[in-house]
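Step one of this worksheet: look at the structure below.
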Protein chains: 4
Amino acid sequence: MTTRARREREKEERRRSILRAAREVFLDGDNGFHRVTVDEVAARAEVSKGTVYLYFESKETILALLLLEGLERLLARLQEAYGAAEPLPADERLRRLGMAYFDFFAAAPEYFRLLVAMDRGRFPDAVKPEVYRQVLSASLDGLALVAQAVQQGVDEGLFRPCDVRSAAGILWATLNGSLELLEHPLRREMLGVEQETFYRAALETVIEGLARR
Amino acid sequence: MTTRARREREKEERRRSILRAAREVFLDGDNGFHRVTVDEVAARAEVSKGTVYLYFESKETILALLLLEGLERLLARLQEAYGAAEPLPADERLRRLGMAYFDFFAAAPEYFRLLVAMDRGRFPDAVKPEVYRQVLSASLDGLALVAQAVQQGVDEGLFRPCDVRSAAGILWATLNGSLELLEHPLRREMLGVEQETFYRAALETVIEGLARR
Amino acid sequence: MTTRARREREKEERRRSILRAAREVFLDGDNGFHRVTVDEVAARAEVSKGTVYLYFESKETILALLLLEGLERLLARLQEAYGAAEPLPADERLRRLGMAYFDFFAAAPEYFRLLVAMDRGRFPDAVKPEVYRQVLSASLDGLALVAQAVQQGVDEGLFRPCDVRSAAGILWATLNGSLELLEHPLRREMLGVEQETFYRAALETVIEGLARR
Amino acid sequence: MTTRARREREKEERRRSILRAAREVFLDGDNGFHRVTVDEVAARAEVSKGTVYLYFESKETILALLLLEGLERLLARLQEAYGAAEPLPADERLRRLGMAYFDFFAAAPEYFRLLVAMDRGRFPDAVKPEVYRQVLSASLDGLALVAQAVQQGVDEGLFRPCDVRSAAGILWATLNGSLELLEHPLRREMLGVEQETFYRAALETVIEGLARR
DNA sequence: GATGAATGAGCGTTCATTCAT
DNA sequence: GATGAATGAACGCTCATTCAT
């Protein structure tokens, strides 16, 4: 009985260890996610290539799970940032959501790349629909949170009436674009601005853009 | 001397012809730029594979030059859209710039993908810093145009005083983010909105966000 | 002692159950016997993969035993078809044997493929000589039945005197060749004939060829 | 000019050399054709794996071409054996065709295996339809030759009227079955007969079976 | 006796790059 | 300057077999 439980635990540990190895390869490489190789992941996890496939269906599945993991952590942070229990003005909620988003991806920019890459290449084909749906669903949940804040703003007369889901999407797009734009040092130099400063300004601009005059 | 000149000219022609072939392959493929192979480019240009490497350092360099070319065309369109000769209000200029940007990438999404990919994969290593800088410089020129329109808006009291270069960057980031966000059908579905509609709304939101109250 | 006997019995049952699972996988697949994997057999038998190897030396051994089983069933059918108890003319016996052979393999072409494959691939190395000999012996028994019918024909003056074992072998070769030839749709098309019609004609031709003039 | 010609020649030589290497791997191995590995072929030809794919589309194509080569040689031998220019009785023609067939495959039994294998596995998918058709066409030409001899026999009253194409197929099936049956030493032992003796007897039996009484 | 996690050699195929001619 | 044949590392994935527990 104990044996069985231990087995189970070890298996889960191994699984995690492969996932961790994948994350390391994925995050370490200066190369970006498409340089993640099953060979490399296996080597880093100190298991054979076959073992990797014992735990995961495909390379893409591993990356998708990695992403999902990230998104779930992100979502938790966003929910925390939203501060549902606190009586906050809508713009403040958006500010907090935006900065939580920033903190998350500033800490792990590769997740951001992975999120962006998810639509491309072999992903849609190689990843089980279920996993794919989970990824999309996590994204949707995050978006819903933003939309909720926008709705609050509209309801309270702070924001102009609008399609709140689109508005949420616009904020999302802006924040993504800001993260991406300044990811490269040369572009930061070009704009002569620090990433966080720029990001905050972008966030404020969109919030301002939603505001009732 | 004449011979030398002719030689030079022929060489340049060959170079252009390879680049043109690369562009054809690049734009033809239904699969995106990462399907561009040196074999195919050489075949299309009717030269040997070796010759391609005689004129270009690497496949990535070719793609970078292609992008540069594209950016230059984009810049021309932006300049046209800016309408320097016409007496236009600043917000209208931004609107025109934004839609020219949209039109360009809607017509050739591959360029957008290439632009996004530029920071990643083998590009940073395989592309000479000089070429890289040229790409950035083309971006800068575009940005300057946007900044100029913002400056006009600030000067005329339409927009709030601000760091115009940052403001231009914010608009840019938003538009890029919007293009990227909606590139994938599933995300379009998720937002329940058409790409152009969303893009326009994002553009308006940022313009609004810049406006003086 | 009783325990020992029970153990023995259980072991045999387990063995049979694995073999049955293997047969199911073997006959299920649309893809032929080379799609049989140990994983699948183990899963179907609801035992671990290790257990499979506890009872059988190799995958090839399992397949060989499967074939042996099949051949034994075939032999039973041939004996029935022979109709030892009935007073039949020799040619009729051959006809019945031939058609029983056809029916067997038409119903389970995989067995035929396996029989053909037996000499090839990893089989000769991976299968114990003993098992191999058993397979051959089963074939011999079938052959003996055919030879017996031929002998009857010779004795009764219906067939020309000949080496009856060779004659039986010739019939066997013809029937095998016919089955194999027409297994592929394209070759059926090429000959413009249906499998059973062709097979019957082949059977008759050889019977005729054995007949006294 | 000479250079060009030499290049061409060398290329053809290389191609042949890879094909020869493939044949060696294919014929040498005790393993049968499905153990033919691109790695092995490349090693034997002393080229890199990539080079193999420079000359051939796929492994299956190589094997198909090998087979085609064999079939063409076989066909030439059959035509010679048929002796169109000589005034031969139909049964003698069949005898000569049959023995030419035997000689060919006795000398290179692997070709026989390859021919049989051609219908299976990845062949139909992995081989260009054109090559596939050529293989079938070569088979058909051989069959036509046999059918022609049978027709002659029917016309001359030596053979019973019959569907000559089916009759040719029956002979073919018998000969194939005989070759296959006795390929394995253990089966030869089992029948207590030498391969050629058996084969001749089978050939005679079918000829006899076609004969008018 | 039974398990099932782990192995690792093996597969066919691709393609950017090099270099002898 | 131009060629194009050759390279070879890399890729994701499979599966029969082993062995510590």
Side-chain angles (χ1 to χ4, degrees), chain A residues 3-4 6-8 10-11 14-15 34-42 45-62 122 126, chain B residues 7 10-11 14 34-43 47-62 122 126, chain C residues 7 10-11 14 34-43 47-62 122 126, chain D residues 3-4 6-8 10-11 14-15 34-42 45-62 122 126:
Chain A
T3 311
R4 185 179 188 81
R6 183 168 45 95
R7 277 271 179 97
E8 211 61 33
E10 279 172 4
K11 203 173 162 179
R14 181 77 93 177
R15 191 185 148 90
H34 60 282
R35 280 295 181 83
V36 176
T37 281
V38 177
D39 273 284
E40 197 103 11
V41 171
E46 292 176 317
V47 298
S48 73
K49 232 193 315 192
T51 300
V52 173
Y53 281 90
L54 211 55
Y55 287 88
F56 302 97
E57 307 227 302
S58 69
K59 190 183 96 162
E60 272 70 29
T61 299
I62 296 179
R122 307 181 59 261
Chain B
R7 281 268 179 90
E10 281 171 3
K11 202 172 158 181
R14 180 85 88 164
H34 53 281
R35 288 287 194 202
V36 176
T37 65
V38 177
D39 272 281
E40 211 147 341
V41 171
V47 298
S48 73
K49 234 191 313 190
T51 301
V52 173
Y53 279 87
L54 221 51
Y55 286 88
F56 302 97
E57 309 227 299
S58 68
K59 191 181 91 162
E60 273 70 29
T61 299
I62 297 179
R122 297 174 27 65
Chain C
R7 281 269 178 88
E10 280 171 5
K11 203 172 158 181
R14 179 85 87 164
H34 54 281
R35 289 285 195 200
V36 176
T37 64
V38 177
D39 272 282
E40 211 147 342
V41 172
V47 297
S48 74
K49 235 194 307 194
T51 302
V52 173
Y53 280 88
L54 221 52
Y55 286 88
F56 302 97
E57 307 228 300
S58 68
K59 192 181 90 163
E60 274 71 28
T61 299
I62 297 179
R122 296 173 29 66
Chain D
T3 311
R4 184 180 189 80
R6 183 167 45 96
R7 277 272 180 94
E8 211 62 34
E10 280 172 5
K11 202 172 161 180
R14 182 76 94 176
R15 191 185 147 89
H34 59 282
R35 280 294 182 86
V36 177
T37 281
V38 177
D39 272 286
E40 198 103 9
V41 171
E46 292 177 318
V47 298
S48 73
K49 230 186 328 183
T51 301
V52 172
Y53 282 90
L54 211 54
Y55 287 89
F56 302 97
E57 306 228 302
S58 69
K59 191 183 94 163
E60 272 70 28
T61 299
I62 296 179
R122 306 181 60 260

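Every chain is numbered from 1 and lettered A, B, ... according to where its sequence line falls, protein lines coming before strand lines. What you are looking at is a predicted structure, and each value in this text was computed from that prediction instead of being measured. For the numbers below, each heavy atom of this structure counts, side chains included, while hydrogens, waters and symmetry mates do not.
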| message | Does C:Y55 reach a base, just sugar-phosphate, or nothing at all? Heavy atoms under 4.0 Å. | response | sugar-phosphate

| What's the spacing between C:S58 OG and C:E60 CD if we round to 0.5 Å? | 5.0 Å

| Looking across every strand, which nucleic acid part, if any, lies under 4.0 Å from B:K59 by heavy atom: base, sugar-phosphate, or nothing? | sugar-phosphate

| query | Within the structure shown, what part of the strands sits under 4.0 Å from B:R14 by heavy-atom distance: base, sugar-phosphate, or nothing? | reply | sugar-phosphate

| Protein-nucleotide distance (A:E8, atom CD; E:dG4, atom C1'), rounded to Å | 12 Å

| Touch check for B:T37, heavy atoms < 4.0 angstrom, all strands: base, sugar-phosphate only, or nothing? | sugar-phosphate

| query | Over how many whole Å does the gap from A:E10 atom CD to E:dA6 atom C1' extend? | reply | 13 Å

| said: Between C1' on F:dC13 and CG on A:L54, what's the gap in Å once rounded to a whole number? | reply: 13 Å

| task | Tell which nucleotide pairs with E:dG10, taking only Watson-Crick or G-U wobble pairs whose two distances are both under 3.5 angstrom. | result | F:dC13

| message | Measuring from atom CD of D:E40 to atom NZ of D:K49, what distance do you get when rounded to the nearest 0.5 angstrom? | response | 11.5 Å

| task | Using whole Å, report how far CZ of B:F56 lies from C1' of E:dA16. | result | 16 Å

| request: Give C:V36 one of three labels, base, sugar-phosphate or nothing, depending on what nucleic acid heavy atoms sit under 4.0 Å from its own. | output: sugar-phosphate

| field | Complement of E:dA20, any strand, by Watson-Crick or G-U distances under 3.5 angstrom | value | F:dT3

| said: Is there a side-chain contact between C:I62 and C:Y55 in this structure, where contact means two heavy atoms from C-beta onward sitting under 4.5 Å apart? | reply: no

| message | Under 4.0 Å, counting only non-hydrogen atoms across every strand here, what does A:K11 touch: a base, just sugar-phosphate, or nothing? | response | sugar-phosphate

| Roughly, in whole Å, what's the span from OH in D:Y53 to P in F:dA5? | 19 Å

| task | Can you check whether any acceptor in the base of F:dT3 is under 3.5 Å from a donor in the side chain of B:K49, or vice versa? | result | no

| field | Atom-to-atom span, CD of A:E40 to C1' of F:dA9 - whole angstrom | value | 13 Å

| Side-chain (D:S48) to main-chain (D:T51) donor-acceptor, under 3.5 angstrom | yes

| remark: To the nearest angstrom, the CZ-C1' distance between A:R15 and E:dA6 comes to 17 Å

| Which whole-number value in Å describes the distance from C:D39 CG to F:dT17 C1'? | 11 Å

| In Å, rounded to the nearest 0.5 Å, how long is the span from CD of A:E8 to NZ of A:K11? | 6.0 Å

| message | Quick check on DNA chain E: between D:G50 and A:G50, whose nearest nucleotide comes earlier from the 5' end? | response | A:G50

| Counting only side-chain N and O atoms of D:T51, is one of them less than 4.0 Å from OP1 or OP2 of F:dA5? | no

| note | Of A:V38 and C:E60, the one whose nearest nucleotide on DNA chain F sits closer to the 5' end is A:V38

| field | First of B:V47 and D:V47 reached from the 5' end of DNA chain F, by closest nucleotide | value | B:V47

| task | Look only at the side chain of B:T61 and the backbone of B:F56, and say whether a donor-acceptor pair between them is shorter than 3.5 Å. | result | no

| task | State whether A:S48 places a side-chain N or O below 4.0 Å from either non-bridging phosphate oxygen (OP1 or OP2) of E:dA6. | result | no

